[in-house]
Number of protein chains: 2
Amino acid sequence: MTPSPISIDSSPSDTGQALAQAETLCQERGVRLTDLRRRVLEIIWSHSKPMGAYAILDVLRDDGRQGAPPTVYRALDFLLEQGLIHRLASLNVYAGCCQPDSRHGGQFLICRDCGQVNEMNSPAVENLLGAEAAARRFEVLTQMVEVLGRCPDCQRGTLSDVG
Amino acid sequence: MTPSPISIDSSPSDTGQALAQAETLCQERGVRLTDLRRRVLEIIWSHSKPMGAYAILDVLRDDGRQGAPPTVYRALDFLLEQGLIHRLASLNVYAGCCQPDSRHGGQFLICRDCGQVNEMNSPAVENLLGAEAAARRFEVLTQMVEVLGRCPDCQRGTLSDVG
DNA sequence: GAGGTAATGTTATCTTATAGCAAATATGCC
DNA sequence: GGCATATTTGCTATAAGATAACATTACCTC
Ligand SMILES: [Zn+2]
Ligand SMILES: [Zn+2]
Ligand SMILES: [Zn+2]
Ligand SMILES: [Zn+2]
């Protein structure tokens, strides 16, 4: 019923919800969420930490599916275009987007110790960044914000590196 | 005398100033700005756009200097540690820091069309990001902000892609 | 100059990402 | 269904970015 109050991990239900919403969005937009693309999105969501392209490829191969790097990169390109995932440039990893219905670059809190990533998407930050850019006569297309630090859990115990 | 009001490019004097300041900072800190490290910093500053590691390596080789990737990556690591340059993760390039005396992650306006990069470093943005992170009980170590868009020049004419 | 530390040279390798073309699959029309 | 079309996927090769490991050289102190 009620979602667990502290969700460190992407639970199966999170994954399910994300997939369902992706399905809906793709239908609305008239684009095809193929088996491969859906599976890549599922792999990303069902892991606790954002994944690199080659880690995703490994899972696909464990599935028994054929594939080479272009296979996964093309799926990632599609998911990125549709705003269903983000790329964290500082880590070369890909993470599911929590609000795929509204386009945004993404603001992320990345834990140095356990690797967890939290998508912030503070409108205040977005607006201020836009204002500062505008003050410099700069036309904004996309914003990328990545904050590296320590998550609440890793501050508490030193249960670092939970894998 | 007066610095040019619109500085699209890093002028030789900018480069000279940056090198002089780097020299001073490294002396104060008791670290060695060797020939190689100084030259890499100079190469970065004397180019109009941020450069990739292998582009820097090419220039080093044009100098007649020996070198392989580790040569330039070690120099870059040193310059990054000392806060003399930044890495723009979204582009895999390195850019000189305008305020190397104060440590910061860096906030960048990156022009999609001409590739120019402008370091913003708005304290307001930094503070707000810090506050938003703190509200989520997240301990900030470093912030990285990269805003992709179009610089004033590229909005005016469509003198895009000035190379 | 001997000894220790820091920096650089050198080779090989690893990770991340893309180009290019062929085969397969979905879609739309007759 | 049969066929033309465009999209998607398979597959090989390769580009681009970054690091590991170890040998050599420069620098500093005694
Ligand atoms: Zn998002
Ligand atoms: Zn953590
Ligand atoms: Zn800076
Ligand atoms: Zn521009």
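Throughout, a chain's letter reflects where its sequence line sits, starting with A, and its residues are numbered from 1. Every value quoted in this text rests on a predicted model; they were computed, and no experiment measured them.
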Please state how far atom CD in A:Q27 lies from atom C1' in C:dT27, giving the value in whole angstrom units.
-> 16 Å
Length of the OH-P vector between A:Y73 and D:dT14, whole Å = 18 Å
Length of the line joining A:D35:CG and C:dT25:P, which is rounded to integer Å | 12 Å
Taking the side chain of B:R87 as heavy atoms from C-beta outward, which of D:dG17, C:dT16, D:dT8 is closest to it?
-> D:dG17
A:L41 to A:A22 - nearest heavy-atom pair and separation = CD2-CB, 3.5 Å
Can you tell which of C:dA17, D:dA18, D:dT9 lies closest to the side chain of A:Y94?
-> C:dA17
Is any side-chain heavy atom of A:R112 closer than 4.5 Å to a side-chain heavy atom of A:R150?
-> yes
DNA chain C nearest-nucleotide lookup for B:N92 and B:L36: closer to the 5′ end is B:L36
Crowded around A:R137 CZ? As in, over 12 foreign heavy atoms under 6.0 Å?
-> no
Short N-O contact, B:R156 and B:D153, less than 4.0 angstrom | yes
Donor-acceptor pairs under 3.5 Å, side chain of residues 87-98 of chain B to any protein atom, not counting sequence neighbours: which ones?
from: B:S90; atom 1: OG; to: B:E146; atom 2: OE1; distance (Å): 2.5

Partners of A:R136 by salt bridge (Lys or Arg N to Asp or Glu O under 4.0 Å), sequence neighbours excluded?
-> A:E132
Nearest-Å distance for atom pair CG/C1', residues B:D77 and C:dA6 = 15 Å
Verify the cluster assignment for A:I110 and B:L80: are they in a single hydrophobic cluster under the rule of side-chain heavy atoms below 4.5 Å apart?
-> no
Angle, rounded to 10°, between the helical axes spanning five pairs at each terminus of the helix from C:dG1-D:dC30 to C:dC30-D:dG1?
-> 30°
Where A:A53 and A:L76 come nearest, the two heavy atoms and their spacing | CB-CD1, 3.9 Å
Protein-nucleotide distance (B:L91, atom CG; D:dA18, atom P), rounded to Å = 11 Å
Report, as a single string ordered 5' to 3', how protein heavy atoms within less than 4.0 Å touch nucleotides 23-30 of chain D: B base, S sugar-phosphate only, - not at all.
-> ----S---
What pairs of nitrogen or oxygen atoms, one from the protein and one from nucleotides 10-12 of chain C, lie under 3.5 Å apart?
from: C:dT10; atom 1: OP1; to: B:Q66; atom 2: NE2; distance (Å): 3.2
from: C:dT10; atom 1: OP2; to: B:Q66; atom 2: NE2; distance (Å): 3.4

A:L57 CG to D:dT9 P, straight-line distance once rounded to whole Å = 14 Å
Are B:Y54 and B:V72 side-chain neighbours, meaning at least one heavy-atom pair lies under 4.5 Å?
-> no
Is a donor-acceptor contact shorter than 3.5 angstrom present between the side chain of B:Y54 and the base of D:dA18?
-> yes
Starting from P on D:dG17, measure out to CG on B:L76 and report it in whole angstrom.
-> 12 Å
Kindly write out the residues that satisfy side-chain hydrogen bond (donor to acceptor under 3.5 Å, both in side chains) with A:R38, not counting sequence neighbours, or none if the list is empty.
-> A:E23, A:D35
Answer yes or no: is there a side-chain heavy-atom contact under 4.5 Å between B:L25 and B:P100?
-> yes
Please state how far atom CZ in A:R37 lies from atom C1' in D:dT8, giving the value in whole angstrom units.
-> 7 Å
Aromatic plane relationship, A:H86 with A:F108 - under 30° parallel, 30 to 60° tilted, over 60° perpendicular | perpendicular
